There are 2 protein chains.
Amino acid sequence: MSGKKAPGVDPARSLALLWGSHTKPGRSGLTVRAIVEAALGIADAEGLDALSMRHVAERLGVGTMSLYTHVPGKGELTDLMIDAAYGELYRDVDEPSSQPDGWRGALEFVAARNWDLYRRHPWMLQIVTPRPVLGPNASLKYEAELRPLDGVGLSDVEMDSVLALVLTHVEGTARVRAGLAQVEQATGMNEAEWWLASAPVLDKVMDASRFPVASRVGTAAGQEHQGASDPAHALAFGLARILDGVADLITRR
Amino acid sequence: MSGKKAPGVDPARSLALLWGSHTKPGRSGLTVRAIVEAALGIADAEGLDALSMRHVAERLGVGTMSLYTHVPGKGELTDLMIDAAYGELYRDVDEPSSQPDGWRGALEFVAARNWDLYRRHPWMLQIVTPRPVLGPNASLKYEAELRPLDGVGLSDVEMDSVLALVLTHVEGTARVRAGLAQVEQATGMNEAEWWLASAPVLDKVMDASRFPVASRVGTAAGQEHQGASDPAHALAFGLARILDGVADLITRR
DNA sequence: AGCGCTTCCGTACGCTGTACGGTACAGGAT
DNA sequence: ATCCTGTACCGTACAGCGTACGGAAGCGCT
């Protein structure tokens, strides 16, 4: 009943960390900001698997445990990384609300920006515990993405739901793409090669007559996409259907 | 250029493993099937973090390295676990194609079944490398879920895209739910308590006037959902929009 | 009985996050 | 100028991970 406390899950501490300015260096120049930047560099270049506290410290020329003076643990570090990545989204670019094509164009812009974000930082899709980040850049992102939906005839709750729907779709398709890329890099085989290596075994082991629709559709989709799936196509197709559905919702008013 | 081979990424080996019957026991009764069942039990009960080769072996009363006689590595084991989990989907239940309400009802049924699957096995959402599984149960699932879309006026490629869209949506919302549940269990605070602990700090640190739309909409959504997000609502809302969009696509023919 | 092949598994290596306790320096007080 | 104190830094250690390697043990066949 008492509920044993997990270590370092103090929301106040995390929030203060997220919203702090992180600019006061200690006596060796170590800063939260520098730690986050080093971690981002590692994750971007070598993937999330290569992100370890030792590796970050090494890149900064600092003892491993020194990081813990500035950051409570790895979980909080990844939270900071995520918020920092969100910071790139609408920094030097027009906000979605200034897009010319109304709410639909704005949401397409939002989808494209997030899609690009996940391509630059595929590790974001592998962070295990998606505790809500609530950092300054996440808040800015939420505001910027919500604004073009304001005043188009949706309730406040619906605005939130529509945005979440689009973002979930982008994240899901981006995750598929990131997975394909990771497998491709890990195995050295691209999608077509993998299929080629699998096909003979699959034919031998899988009785196509048991899966008539699946084999017909799977073959057609495979031909079309040059592989088992085409994330870019899935993004565009799904977004079109979703926005059509949202249009229905709006015009029904 | 030569492309150093990652160990144990032989598609043929994996496929044979997936499609094999796994019933021939060695001299200590160890079987692929038994290993997968033990692993499933651990992952279901204690989460993916608790799933280690040592732990699985211990549960089977067997040396850790004995597992490697039957399974090439942990990655292949998780592949087998995923296909085994898919096996529960349409086993003792009517297939989606026998749902009464046409393609729309069938897709709602598919969404509900997958939603339940992910509740029973939240670890499926944490498996990092989503290399396509292509096991027997995954194939059966694909066939069963595709069949009610056959003959409703969609092309083969569109059938695949529509199904993928629905499944991606379910997976995304289920991932949010699993994340919330995990945070709740890890911290012992439920959504409301977390919010309560965060609110004063957030108020102090976050200037609401900089985020007018976000704070208005966020508050409304928070009130409505009793928390930062309501995955069940997101599932239903998103599915409704998606299916409306698919209906548009079909009737436009 | 002898041989060979497969199954089982003990040990070890390099890696992880981080708890703990010691050291050394910066800044304020005297 | 000296002392004190708080904090930044970090070396060591621990428990756990996946799995490479090589030895041991039992089975089936000749």
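Keep in mind that what you see is a predicted model, and the values were worked out from it rather than measured. Proteins get letters first, then strands, A, B, ... in listed order; numbering begins at 1 in each.
C:dT7 atom C1' lies 7 Å from atom NE2 of B:H70, rounded to whole Å. Nucleotide D:dG18 holds its P atom 7 Å from the CZ atom of B:R54, rounded to whole Å. The CG atom of A:L77 sits 14 Å away from the C1' atom of C:dT18 (whole-angstrom rounding). As rounded to whole Å, 15 Å separates atom C1' of D:dG18 from atom CG of B:D49. Per the geometry, CE belonging to A:M65 stands 11 Å off P belonging to C:dG17, to the nearest Å. Look at CE on B:M53: it is 14 Å from P on C:dC8, rounded to the nearest Å. When rounded to the nearest whole Å, the span between OH of A:Y68 and C1' of D:dG11 equals 15 Å. A:H55 places its NE2 atom 18 Å from the P atom of C:dG14, with the value rounded to the nearest Å.
Residue B:L67 is classed as having no contact, given no heavy-atom separation below 4.0 Å to the nucleic acid.
The phosphate of D:dC10 (OP1 or OP2) has a side-chain N or O of A:S66 nearer than 4.0 angstrom. Proximity of A:S52 to the phosphate of C:dT16: a side-chain N or O atom is located under 4.0 Å from OP1 or OP2.
Checked against A:L77 for a side-chain contact (heavy atoms from CB on, under 4.5 Å), the options A:I35, A:V32, A:L67 give a single hit: A:I35.
Note: B:F211 and A:W19 have perpendicular aromatic rings, judged against thresholds of 30 and 60 degrees for the angle between ring planes.
For the atom pair A:D83 CG and A:K141 NZ, the distance stands at 11.0 Å (nearest 0.5 Å).
When each of B:T69 and A:G75 is assigned the nucleotide of DNA chain C bearing its nearest heavy atom, the one mapping closer to the 5' terminus is B:T69.
Contact detail for B:G135 and B:L18: the closest heavy-atom pair is CA-CG, 3.7 Å.
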